[in-house]
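Side chains are part of it too, since the values below use all heavy atoms of this structure and drop only hydrogens, waters and symmetry mates. Below, chains carry the letters A, B, ... as their sequence lines are ordered, and counting in each starts from 1.
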Protein chains: 2
Amino acid sequence: MQTLLQFIRSQPVGGVLSKADWGNNDFLGVAARVYKPHSVICRQDDDDDRIFIVKSGWALLYRGLPSGERQIIDTPLGGDIVGFRSVDGPRFASLASITELAVYETSRKELVEAVLSEGRLGNKIACSLARLNAILAEHLVNVGRRNAMCRTAHFLLELDERLSKAGLSTHGRYECPLTQHELADILGLTTVHVNRTLRELRKADLVSFRAGHVEVINRKKLVNTAGFDGEYLK
Amino acid sequence: MQTLLQFIRSQPVGGVLSKADWGNNDFLGVAARVYKPHSVICRQDDDDDRIFIVKSGWALLYRGLPSGERQIIDTPLGGDIVGFRSVDGPRFASLASITELAVYETSRKELVEAVLSEGRLGNKIACSLARLNAILAEHLVNVGRRNAMCRTAHFLLELDERLSKAGLSTHGRYECPLTQHELADILGLTTVHVNRTLRELRKADLVSFRAGHVEVINRKKLVNTAGFDGEYLK
DNA sequence: CGATATGTTGAATACGGTCAAAAAGTGTGG
DNA sequence: CCACACTTTTTGACCGTATTCAACATATCG
């Protein structure tokens, strides 16, 4: 289980902060909160300045369009920062829990103050945002230049890699609470086509996703068809 | 013309750094460099740790795929940071100039050191990365959930907004050195389809892009069809 | 058990891709 | 200034992946 302290001490800052520096849970007005499954934690266009660091559980960060469609930007997992913006103003994405979700909450104001007075935290935040950048860039490549098969394969491998680090995936097997509809909104596809693509991936003995359980069957072939290189997740 | 000092002093840090704090051009081992048009400045998979801050000119940040296709991640413009990663290791994107490109170059090592010792810089970097995040997220929405028309319209409006801030666009008119092929790699389309889409946008009297010159014809209608809201660019 | 969300399948359609060729623009050197 | 090569833009015909629409099956949950 990742705590805020662990987050701050984790790579690449690598434990330069002592426990005494920060305390454990009560550092910079941070509140630990737990949300029920399928709660909306913050809404696009809201004007609060809360910032979240995911402790455990699954969440969705998404943008809704006037047409009613939505694009899921990311599925933040343990240790990920959500909601840090360059300036104050209305949020441009919503955050919702899928499973029960534990988060640390602080405010932009407080976090910026802490960053200003403690360079190590600033560095940690910057690195964390840089990683998120890399993930978003890869999602962009996925949606922009890979077909449904590769795209889906790639995302399932990304999840495997991200969950492995939290000990939530072993030997290519992990629990994934996403529905096919949510998967579609992540991959820029329709629900129907996601369904067909998953069937093909199963038939081709590459990866199986059924009843919330993902199982990588032939990693070599899967990595190859996805064109996956996990370097960007470091 | 945006200088590094201006970048650091710009919103949202807003001039909290005095000129004396940083000097002008010689702060943290920064070298100002100028690249010729169509130079490759750094390559995907290279293992150097250079970081760039764009001073002036147009650049492309892109990822190549095994198939030979590529997805352009962003078109960094004045003040944007390029190449900051969470850890050392091979780059996952290439950077190339389109026009003559002036950049400040430093290294990850030096920048991190500076961030650690000076919170205001850390905050500035974090905010800059947060803004880049928002741009990438919007690109993802664009490619994932908008059709060719909206997508193209949206991107041309984004450029208008970004260039306006640098004084490079007035009254919806700006010079854009991108080829239709490059535009295609940004939008996740083919060159042929970009060509047809631009023709339609022109015929619909929304926006015209010819011979490197963009002209917003009917902003209201254009904003509407694109579903554009520039909030994310702040 | 009935209601609602999720998953599955088929048939028809459309948006954007592929292939191919020509036209227009740009730059270079003789 | 023109000839030549090359890049960029434009257009047409055809094709394919993913969407749309519709119906039904299967979980899930109060």
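Atom NE2 in B:His181 sits roughly 16 Å away from atom P in D:dT10 (whole-Å rounding). Distance B:Gln180 CD to C:dA24 P: 15 Å, rounded to the nearest Å. Atom CZ in B:Arg210 sits about 17 Å away from atom P in D:dT8, given to the nearest Å. At whole-Å resolution of the value, CG in A:Leu183 and P in C:dT8 are 12 Å apart. Put simply, CD on A:Glu200 is 18 Å from P on C:dG7, counting in whole angstrom units. Between A:Arg199 atom CZ and C:dG7 atom C1' the separation is 11 Å, expressed in whole Å. Atom CD1 in B:Ile98 sits about 17 Å away from atom P in D:dT7, given to the nearest Å. Taking atom CG of A:Leu178 as the reference point, atom P of C:dT6 lies 12 Å away to the nearest angstrom.
For the pair A:Val214/A:Asp160, no side-chain contact is recorded, criterion being any heavy-atom separation below 4.5 Å from C-beta on. The closest side-chain heavy-atom distance from B:Phe52 to B:Ile81 is not below 4.5 Å. The side-chain heavy atoms of A:Glu105 and A:Ile51, taken from C-beta on, include no pair separated by under 4.5 Å.
In summary, the side chains of A:Glu215 and A:His171 do not present any donor paired with an acceptor at a separation below 3.5 Å, with no hydrogens or angles considered. If you check the side chains of A:Glu158 and A:Tyr232, you find a donor sitting under 3.5 Å from an acceptor.
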What does the B/S/- profile of nucleotides 15-30 of chain D look like, 5' to 3', with a 4.0 Å heavy-atom cutoff to protein? ---BBBB---------

Run the numbers on B:Asp47 and B:Arg91 for salt bridge (charged side-chain N to carboxylate O under 4.0 Å, His left out), then give the verdict. CA-CA 6 Å; B:Asp47 204 344; B:Arg91 323 188 81 92; over 6 Å; no

